[in-house]
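Just below is one structure, and these are the notes that go with it.
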Amino acid sequence: MFKPLIAAALIAAFAAPVALAGPAERLGRIDHRLTAAEIRGDIPQGSRADRAEDRLDRFENKVDRRESRRDEAYDHGPRDVIEDRLDRAENVVDRREDRIDRRH
């Protein structure tokens with residue numbers, strides 16, 4: 001009787017973070033996996049998969065910038081302002097890394 005309930009609870013516990021993640025977080029997770037595959041050598045430079053990963057990076061940067069603008073529009077105290085600045089700096093670093101990756 002309790003096995004189906006426990007199984008459902010475990011599935012919900014593992015699926016909830018994915019379902020509750022925003023578009024930027026989901027894209028970030030996908031990009032992280034693709035970047036790891038590229039570092040391992042699974043995706044050769046200049047291949048179709050590399051170009052697809054580059055397009056995903058550019059799309060992710062757009063989504064991140066939109067999310068940052070939305071977040072910066074509303075300040076909920078000093079911690080929120082600090083978070084906005086950190087997000088903005090992270091976006092700059094991401095774009096810089098993507099430019100470096102495209103050169104190689």
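We number each residue from 1, following the sequence as shown.
Across all their heavy atoms, D80 and D71 have their closest contact at OD2-O, 4.2 Å. In plain terms, the two heavy atoms of N61 and R95 that are nearest each other are ND2-CG, 3.7 Å.
Salt bridge present: R58 and D54 bring a charged side-chain N and a carboxylate O closer than 4.0 Å.
The CD atom of E67 sits 10.5 Å away from atom CD of E60, with the distance rounded to the nearest 0.5 Å. With rounding to the nearest 0.5 Å, the separation of CD in E72 from CZ in R65 is 12.5 Å. Note: D84 CG to Y74 OH = 12.5 Å, rounded to the nearest 0.5 Å. Taking CG of D57 as the start and NZ of K62 as the end, the distance is 12.5 Å to the nearest 0.5 Å.
Side-chain N/O atoms of S68 and D87 include no donor and acceptor closer than 3.5 Å.
Not counting sequence neighbours, R85 has no partner by the salt bridge (charged side-chain N to carboxylate O under 4.0 Å, His left out) test. Residues satisfying the side chain to side chain contact (heavy atoms under 4.5 Å, CB included) criterion with R55, sequence neighbours excluded, are R51, A52. In terms of the salt bridge (charged side-chain N to carboxylate O under 4.0 Å, His left out) criterion, R69 has no residue partners (sequence neighbours excluded).
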